[in-house]
A.B. asks: 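Quick one: the structure is below, and I'll ask about it shortly.
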There are 2 protein chains.
Amino acid sequence: MEEREFAALREEMPADEVLYDLAELFKVFGDSTRVKILYALFERELCVQEIADLLSLSQSSVSHQLRILKDAKLVRFRREGKSMYYSLDDDHVRAIISMGMEHVEE
Amino acid sequence: MEEREFAALREEMPADEVLYDLAELFKVFGDSTRVKILYALFERELCVQEIADLLSLSQSSVSHQLRILKDAKLVRFRREGKSMYYSLDDDHVRAIISMGMEHVEE
DNA sequence: TGCACATATGAACACATGAACATATGAAAG
DNA sequence: CTTTCATATGTTCATGTGTTCATATGTGCA
């Protein structure tokens, strides 16, 4: 490859930090428990215990994973009495998962 | 939540195996070295050494990661003489990364 | 205030994973 | 067929990650 083209390719690469963040984001999707939780929230918001019951997971495990999803800004939450209701944060989440699904279902 | 609604939600969940595969797919995107390689291939196909030079990675590391990308069917490859040229497998890859980028750049 | 319920957090453990190094395979040229 | 170049593979090691169990926080109600 020519030196000039090589340099051009290099220029088009996003900053390392951006690519790092991108990988961090996908890492969050890269666990079946978290994917299950996200999918469960596709239909409607759910509280922690509902998610745990629905997916046959421990409350602790769900809570831990929800924290990771929360930190990645993939889910929102609101309090209602003693319960915390979680929901998908935005439509990017749906879009990303749907794209992944298309690839998987080939 | 009512028992009936609970059951309905359960029905809409994709099979465990599908969700497992989905998570496995995202896991592949969840490493900055692999994301860099995929991004490098956005513009055009590249051989192993070109990728290594472009990203300042060892040949071994690139090869290992390419194998993972290959197994996940995210990249194709063809031989040309002694070199192996890799390229993105389909447009899902671009779409998924682009979606992720949108989320990251908020 | 005291108790029960819902969720969050912390620590420990088992397991997965990426990087680095050495080595093997495979193709082309002499 | 031997050498060289390009790539692939195997192994080791340090680090990261998810789950479980125990415990803490927080809310509502008697």
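From a predicted model like this one, the values you see are computed outputs, not experimental measurements. Quick note on labels: first sequence line is chain A, next is B, and so on, each numbered from 1. Computation of the quantities below employed the complete heavy-atom set of this structure, encompassing side-chain atoms and omitting hydrogens, waters and symmetry-equivalent molecules.
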A.B. asks: Do side-chain atoms of A/His103 reach the backbone of B/Ala72 as a donor and acceptor pair under 3.5 angstrom?
C.D. replies: yes
A.B. asks: Using only modelled atom types and a 3.5 angstrom limit, is any donor from either the side chain of B/Ser60 or the base of C/dC21 paired with an acceptor on the other?
C.D. replies: yes
A.B. asks: Could you check how far CD1 of A/Ile51 sits from P of C/dA6, rounded to whole Å?
C.D. replies: 14 Å
A.B. asks: For chain A and DNA chain D, what are the first and last nucleotides along the strand, 5' to 3', with at least one atom under 4.0 angstrom from a heavy atom of the protein chain?
C.D. replies: D/dT17 to D/dG28
A.B. asks: Determine, step by step, whether A/Val104 and B/Glu24 satisfy the side chain to side chain contact (heavy atoms under 4.5 Å, CB included) criterion, reporting the C-alpha distance in whole Å, the side-chain angles of both residues, the deciding distance to 0.1 Å, and the verdict.
C.D. replies: CA-CA 10 Å; A/Val104 167; B/Glu24 288 303 303; over 6 Å; no
A.B. asks: At less than 3.5 Å, do the side-chain atoms of A/Gln59 and the base atoms of C/dA8 form a donor-acceptor pair?
C.D. replies: yes
A.B. asks: For residues B/Ser63 and B/Arg67, determine if any side-chain heavy atom of one lies less than 4.5 Å from a side-chain heavy atom of the other.
C.D. replies: no
A.B. asks: May I ask you to decide if the ring planes of A/Phe42 and A/Tyr39 are parallel, tilted or perpendicular, using 30° and 60° as cut-offs?
C.D. replies: parallel
A.B. asks: Is the number of heavy atoms from other residues, nucleotides or ligands within 6.0 Å of CZ (A/Arg78) greater than 12?
C.D. replies: yes
A.B. asks: Could you go through the side chain to side chain contact (heavy atoms under 4.5 Å, CB included) check for A/Phe29 and A/Val93 one step at a time?
C.D. replies: CA-CA 9 Å; A/Phe29 286 96; A/Val93 184; 4.2 Å; yes
A.B. asks: Name every residue in residues 68-77 of chain A that has at least one heavy atom under 4.0 Å from any atom of DNA chain C, in order of residue number, or write none if there are no such residues.
C.D. replies: none
A.B. asks: Distance check needed: C/dT7 P versus A/Glu45 CD, whole Å only.
C.D. replies: 12 Å
A.B. asks: Look at the side-chain heavy atoms of Ile, Leu, Val, Met, Phe, Trp and Tyr, link any pair under 4.5 Å apart, and say whether A/Met99 and B/Tyr20 land in one connected group.
C.D. replies: no
A.B. asks: How many angstroms lie between CG in B/Leu74 and CD1 in B/Ile68, if you round to the nearest 0.5 Å?
C.D. replies: 11.0 Å
A.B. asks: Classify the nucleic acid contact of A/Ser83 as base, sugar-phosphate or nothing, counting any heavy atom under 4.0 Å across all strands shown.
C.D. replies: sugar-phosphate
A.B. asks: With no hydrogens and no angle check, is any side-chain donor or acceptor of B/Arg34 less than 3.5 Å from a backbone partner on B/Lys27?
C.D. replies: yes
A.B. asks: Can any side-chain N or O of A/Ser98 pair as donor or acceptor with the backbone N or O of A/Arg94 at less than 3.5 Å?
C.D. replies: yes
A.B. asks: Please list residues of residues 16-34 of chain B whose heavy atoms come under 4.0 Å from any atom in DNA chain D, ordered by number; otherwise none.
C.D. replies: none
A.B. asks: I'd like to know whether CD of A/Glu17 has more than 12 heavy-atom contacts from other residues, nucleotides or ligands below 6.0 angstrom.
C.D. replies: no
A.B. asks: Take A/His64 and B/Gly81, find for each the nucleotide of DNA chain C with the closest heavy atom, and name the residue whose nucleotide sits nearer the 5' end.
C.D. replies: A/His64
A.B. asks: Look at all strands and tell whether A/Tyr85 reaches a base, only sugar-phosphate, or nothing, counting heavy atoms closer than 4.0 Å.
C.D. replies: nothing
A.B. asks: Pick the closest DNA chain D nucleotide for A/Ser58 and for A/Lys82 by heavy atoms, then say which residue is nearer the 5' end.
C.D. replies: A/Ser58
A.B. asks: For A/Ile37 and C/dT7, give me the distance from atom CD1 to atom C1', rounded to whole Å.
C.D. replies: 13 Å
